[in-house]
Amino acid sequence: MDNYIKFNEERTVTYKPAGSGKIFTDPDADKMREYFRDQKPRKMVDKASSIDRVVKELVNDGDYIGVGGFGANRIPTAVLHEIVRQQKKNLGLAGHTATHDFQILVGGKCIDRCDVAYIVGLEARGLSKSARRAVESGEITLTEWTNAALTWRYKAAAMGVSFLPVRCMLGTDTEKYSASVEMECPFTGSKYLAVPALYPDVGIIHVHRADVYGNCQIDGIMVADNDLARAARRLIVTTERFVPNEYIRRDPAKTVIPYYLVDAIVEVPFGSYPGNMAYEYFSDEEHLRAWLKAEKDEAGFSDFLQRHIYGVSDFNGYLDTIGGLKRLQELRATENLVEK
Amino acid sequence: MDNYIKFNEERTVTYKPAGSGKIFTDPDADKMREYFRDQKPRKMVDKASSIDRVVKELVNDGDYIGVGGFGANRIPTAVLHEIVRQQKKNLGLAGHTATHDFQILVGGKCIDRCDVAYIVGLEARGLSKSARRAVESGEITLTEWTNAALTWRYKAAAMGVSFLPVRCMLGTDTEKYSASVEMECPFTGSKYLAVPALYPDVGIIHVHRADVYGNCQIDGIMVADNDLARAARRLIVTTERFVPNEYIRRDPAKTVIPYYLVDAIVEVPFGSYPGNMAYEYFSDEEHLRAWLKAEKDEAGFSDFLQRHIYGVSDFNGYLDTIGGLKRLQELRATENLVEK
Amino acid sequence: MEYNDMELMISLASRYLEDDSIVVVGTGAPCAAAMLAQKVYSPRLMIMFEAGGIGPLLPSMPISVGDSRTFYRGLVASSMPEVMETCQRGLVDYTFLGGAQIDRYGNINSTMVGTDFQKPKVRFPGSGGANDLASFCWKTMMITPQDPQRFTDKIDFITSPGYLTGPGAREEAGLPPGSGPYKVITNLCVIGFDDETKQMKVESTHPGIEREKVIENTGFELLWADDLTISEPPTADELKVLREEVDPYRYIIGRA
Amino acid sequence: MEYNDMELMISLASRYLEDDSIVVVGTGAPCAAAMLAQKVYSPRLMIMFEAGGIGPLLPSMPISVGDSRTFYRGLVASSMPEVMETCQRGLVDYTFLGGAQIDRYGNINSTMVGTDFQKPKVRFPGSGGANDLASFCWKTMMITPQDPQRFTDKIDFITSPGYLTGPGAREEAGLPPGSGPYKVITNLCVIGFDDETKQMKVESTHPGIEREKVIENTGFELLWADDLTISEPPTADELKVLREEVDPYRYIIGRA
């Protein structure tokens with residue numbers, strides 16, 4: 001019978017830091033175990049709150065943030081706007097396909113460091129002038145990664161280990177500006193990169209429905225949100241709608257975020273606007289174009305932010321500035337392929 | 001700004017094989033990449049087959065097998081019986097809470113090696129005399145693990161890496177009889193065990209519904225089956241019922257096994273019997289007790305196997321021996337808490 | 001009020017499960033203790049099962065930790081990695097283990113008796129999830145009958161880690177700091193672990209049980225708490241709920 | 001029949017996507033090429049998107065690789081780790097990348113122009129999933145306009161790996177053996193990679209394009225296939241399907 005261990009004796013190997021990037025968050029799994037034991041709200045009690053309050057109470061200057069969804073799909077816009085409105089400063093960000101979310105936070109000058117996989121662009125829509133200005137000025141410290149690397153960094157944290165071995169980034173400048181470590185497999189001797197667990201101070205996720213305790217359902221793709229929810233020290237959830245706990249218990253296989261991960265939850269209908277919310281409403285491409293256009297000069301952008309964020313008191317106020325329910329109904333029709 | 005790398009220079013560390021156990025399957029991720037590229041059936045074509053044929057064509061003497069479900073819950077009984085009926089020999093098994101599945105395969109004397117997490121017992125129901133005899137005789141080579149370790153070995157394979165770091169088994173005899181390697185985290189220096197990817201030759205999984213291409217849905221808990229499905233070289237699926245492809249496309253978030261992982265699929269109503277199938281039918285405790293009782297002496301057990309496996313031509317024949325649809329309807333009532 | 005050993009052990013165990021905490025249980029007495037705790041002391045105690053069931057409204061005692069009762073009207077029907085990773089991440093407060101042997105440091109054998117691993121005298125199931133839960137959960141408990149064969153320092157196989165060889169040994173082995181054995185509840189007494197030596201220390205003996213009887217039924221030397229007490233017997237409320245709601249068919253409590 | 005550069009490039013790309021294979025695509029021309037392939041050549045081509053969408057019946061071109069079109073009536077609505085792990089596991093045949101610079105080995109820059117990483121002259125989005133797909137998928141393709149600034153050996157930043165520094169370099173770096181750049185389809189020609197040197201080798205020039213023009217628009221020396229041909233122009237069928245079914249609003253083909 002074969003024994004597939006290539007190396008069956010003790011041996012020394014080399015761990016070689018492969019990148020010059022900084023690690024912005026502590027990957028230590030034991031420290032996080034203690035944090036989770038002592039601080040995670042295991043009480044299954046009503047955690048419904050308001051946007052204003054969750055940002056005041058759960059987001060501190062200097063925090064490192066992980067945003068759910070995918071750039072302009074299922075993003076927690078209300079919380080992002082409120083972070084800008086409350087002028088939070090020196091935030092770190094996991095730039096895991098950060099598109100409109102990055103644009104909002106950089107617009108508010110909230111970020112000073114970023115783990116980059118994808119920033120400054122809005123995919124097929126083009127590049128954000130404002131975000132590029134900020135990054136090109138050097139005011140944001142960057143460590144380079146990839147979408148998979150960041151996803152696996154969340155997964156390491158979610159699994160409760162301080163690193164995972166991966167096979168991307170190898171041989172490139174992306175590796176050189178990351179903070180990964182070259183190592184080898186104990187069994188095969190194959191080369192791997194180790195990436196450190198990423199435990200954000202705050203995770204912010206928008207979901208389709210949840211009960212007031214924080215048991216959440218998401219329809220369609222998960223992106224990396226199940227792992228992000230498990231990795232975050234504090235977790236803020238916004239939900240399109242509350243449902244009774246009984247609804248959650250009807251199909252427990254659909255619960256992707258259990259209550260004991262959630263610190264606070266806020267009902268925010270159309271909460272991903274102008275992003276896409278699967279089965280609910282399509283992205284508002286017109287408004288996203290308006291963002292990109294407004295960024296072309298700084299004064300114009302200032303006015304734009306004033307009109308849509310600083311000058312309104314809450315997310316419903318923002319929705320009024322873009323045409324309110326009428327516009328949202330159009331986006332609902334687009335999402336559901338209803339002919340106009 | 002803190003940089004949380006504890007070690008930012010190249011350094012040598014020790015990899016220390018921690019256990020005397022054998023690794024029964026090759027953890028090499030590159031070899032498996034080639035296998036998956038060349039052999040995985042990426043054609044979305046009708047893969048419906050018969051139990052007889054799938055076991056003939058896809059299970060070879062000497063293969064290493066991973067069984068889905070959890071011992072006596074959502075297990076692919078029809079395939080296991082057919083393996084016994086066709087007298088497959090020298091199989092390896094992932095003993096990841098292997099209870100009734102282990103009992104069947106050992107009853108047929110099919111197994112000669114096993115990665116153990118949980119064997120010879122049927123949980124609260126007691127121990128299998130036949131399985132114990134086989135193991136205590138020394139005829140089955142064992143390597144010791146835990147449920148989590150085996151689950152993560154599947155996960156490593158599913159992720160496409162040859163190992164994962166874990167924190168269980170450390171300091172125990174379970175570690176000493178495993179085939180894990182002691183190592184440390186490149187970032188924190190914390191101690192970990194590396195476990196090797198587990199790629200079974202054949203995975204066998206029973207699901208609630210699937211289309212003929214092999215797109216599968218499972219209701220309730222997944223146990224480790226999403227990872228097992230991704231780790232297996234060849235994958236055999238049995239399904240309670242076929243559904244049209246259109247049904248699958250109606251809720252794509254429910255698809256846990258996509259068609260391109262599946263080599264063959266067979267419709268087997270009541271296919272987990274005498275195991276539990278969530279929302280469908282409860283386990284047949286009476287019949288499981290009959291197994292345990294029959295095992296008490298070897299001659300009696302022989303007769304029992306003759307009556308229920310060797311002496312019937314297929315799974316429907318087996319169901320007839322235990323009372324047919326009438327009994328199955330009782331188990332459906334029990335599962336669904338219907339008062340009798 | 002009359003009660004048997006099993007009822008006593010389950011009642012005692014239920015009192016250690018604090019409200020707003022999470023426990024991973026197996027079938028049998030531990031599950032009964034968790035259900036009893038939920039109904040009497042800790043209504044928001046969260047029960048998890050290692051195969052993936054989380055927060056069910058248990059309609060009856062599960063037969064398997066993977067059967068459909070374990071997620072009946074549950075909060076989550078997840079997977080084994082999900083539950084194991086939740087434990088490894090440090091979110092789970094309590095677990096219960098069983099075994100054929102246990103030593104003074106709370107190390108447990110559920111693998112084999114004998115000296116030849118490949119040809120054991122008696123083979124048991126092995127770890128299952130026990131080693132994982134003992135490694136990851138903060139506080140490990142045990143409900144077990146006590147006799148000198150079972151409570152022994154001549155443990156044939158350490159399946160699941162207690163305090164291993166004593167103070168600092170878990171940490172040195174790489175296990176998560178701060179975790180470890182918490183209480184052993186037997187038919188004779190309640191045993192904790194000494195902070196300094198990490199060895200078993202009797203905290204209370206059950207009504208009518210002499211110290212001598214405990215010593216006779218233990219294969220190693222026990223420590224004794226300075227403030228040794230008599231275990232508080234099951235209350236009428238505990239017994240009523242246990243008998244009428246938790247285990248009406250006496251599957252577990254009928255075993256005593 | 002008249003056609004523009006974009007229509008030509010998409011048509012050419014579509015012919016390389018074999019039936020019964022899997023491709024991970026982004027938005028834009030690659031998605032159009034995959035859709036065209038499905039409709040004309042490879043009905044069972046499986047399209048995946050890195051955010052989790054698998055096997056959709058695309059009702060229209062997605063705007064984002066994570067928008068709801070990417071799993072509209074899909075086979076699976078999964079997650080980013082699921083798709084990335086499927087790639088890492090070796091199940092994905094093709095991918096398409098884009099970038100600001102590409103060198104003779106097919107290394108691609110989509111991160112920055114300049115020499116100071118923390119203060120770049122021009123900052124682009126970065127890898128996104130590009131580096132991952134280039135590392136894991138078996139065959140990487142590119143659809144891109146060709147000019148000497150873009151096709152350069154003075155690449156400022158290798159975001160995604162091509163053949164790195166040449167033969168054996170990917171394997172030495174630890175990347176999965178057997179994977180790497182496959183075709184670069186430009187507005188002037190179709191470029192493959194030489195088996196021995198792993199450098200770009202022109203396989204066909206487009207109708208009306210002189211060799212000289214290709215050379216002028218490349219910042220490094222190109223290899224030329226011995227059996228250099230003229231690219232087969234888009235067929236009437238390709239153009240009809242592309243214009244009427246794949247991109248009726250000319251989002252992509254209108255850009256040329």
Side-chain angles (χ1 to χ4, degrees), chain A residues 1-17 21-31 90 92 112-113 141 152 155-156 159-167 179-188 190 192 194-197 218-222 251-254, chain B residues 1-17 21-31 90 92 112-113 141 152 155-156 159-167 179-188 190 192 194-197 218-222 251-254:
Chain A
M1 191 187 307
D2 277 342
N3 184 349
Y4 289 98
I5 299 182
K6 183 168 174 191
F7 304 101
N8 57 6
E9 289 189 353
E10 192 169 315
R11 66 199 170 102
T12 55
V13 296
T14 304
Y15 282 180
K16 192 177 148 203
K22 281 196 170 157
I23 296 184
F24 301 122
T25 53
D26 191 341
D28 189 306
D30 280 323
K31 282 189 208 151
N90 307 319
D112 73 0
R113 63 202 187 281
T141 306
W152 288 323
K155 183 173 278 206
M159 291 178 74
V161 294
S162 53
F163 76 101
L164 279 178
V166 310
R167 306 191 71 184
S180 55
V181 174
E182 291 187 1
M183 62 176 303
E184 60 178 80
C185 171
F187 303 98
T188 64
S190 309
Y192 281 88
V195 296
I218 291 173
D219 296 339
I221 58 172
M222 217 50 53
D251 187 3
K254 250 196 98 57
Chain B
M1 193 186 308
D2 277 342
N3 184 348
Y4 289 98
I5 299 182
K6 182 167 173 191
F7 304 101
N8 57 8
E9 289 189 353
E10 192 169 317
R11 67 199 170 100
T12 56
V13 296
T14 303
Y15 282 179
K16 192 177 149 201
K22 282 200 168 154
I23 296 185
F24 301 122
T25 54
D26 192 341
D28 189 304
D30 281 324
K31 281 189 208 150
N90 306 320
D112 73 0
R113 62 202 187 281
T141 307
W152 288 323
K155 183 174 277 206
M159 290 179 75
V161 294
S162 53
F163 77 102
L164 279 180
V166 310
R167 306 190 73 186
S180 55
V181 174
E182 291 187 3
M183 62 177 303
E184 61 178 80
C185 171
F187 303 98
T188 63
S190 309
Y192 281 88
V195 297
I218 291 173
D219 296 339
I221 58 172
M222 217 49 54
D251 187 3
K254 250 195 99 60

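Naming convention: chains lettered A, B, ... in sequence-line order (proteins, then strands); numbering from 1 in each chain.
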Shortest non-hydrogen separation from A/Tyr15 to B/Cys185 and the atoms involved: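 Taking every non-hydrogen atom into account, CE1-C, 4.2 Å.
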
Nearest heavy atoms of B/Glu10 and A/Pro17, plus distance in Å: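 Taking every non-hydrogen atom into account, N-CD, 3.5 Å.
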
Heavy-atom proximity to chain B below 4.5 Å, by part of [X]:
X        : answer
A/Phe187 : side chain
A/Glu184 : both
A/Lys155 : side chain
A/Arg11  : both

Hey, which of [options] has the most heavy atom pairs under 4.5 Å with chain A?
options                              : value
B/Leu164, B/Val166, B/Asp30          : B/Asp30
B/Asp219, B/Ile221, B/Val195         : B/Val195
B/Glu182, B/Met222, B/Arg167         : B/Arg167
B/Val161, B/Thr14, B/Val181, B/Val13 : B/Val13

Contacts of type side chain to side chain donor-acceptor pair (under 3.5 Å), residue A/Lys16, not counting sequence neighbours: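 For A/Lys16 there are no side chain to side chain donor-acceptor pair (under 3.5 Å) partners, ignoring immediate neighbours.
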
Contacting moiety of B/Pro252, where chain A heavy atoms sit under 4.5 Å: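 Only the side chain of B/Pro252 comes within 4.5 Å of chain A.
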
Engaged part of B/Asn8 at the chain A interface, taking heavy atoms whose separation is under 4.5 Å: backbone

Top contributor to chain B contacts, counting heavy-atom pairs under 4.5 Å, from A/Pro27, A/Ala197, A/Ala253: A/Pro27

Distance, nearest 0.5 Å, that separates NZ of A/Lys31 from OH of B/Tyr4: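 The distance works out to 7.5 Å.
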
Main-chain N/O of A/Ser162 paired to B/Tyr192 side chain as donor or acceptor, under 3.5 Å: yes

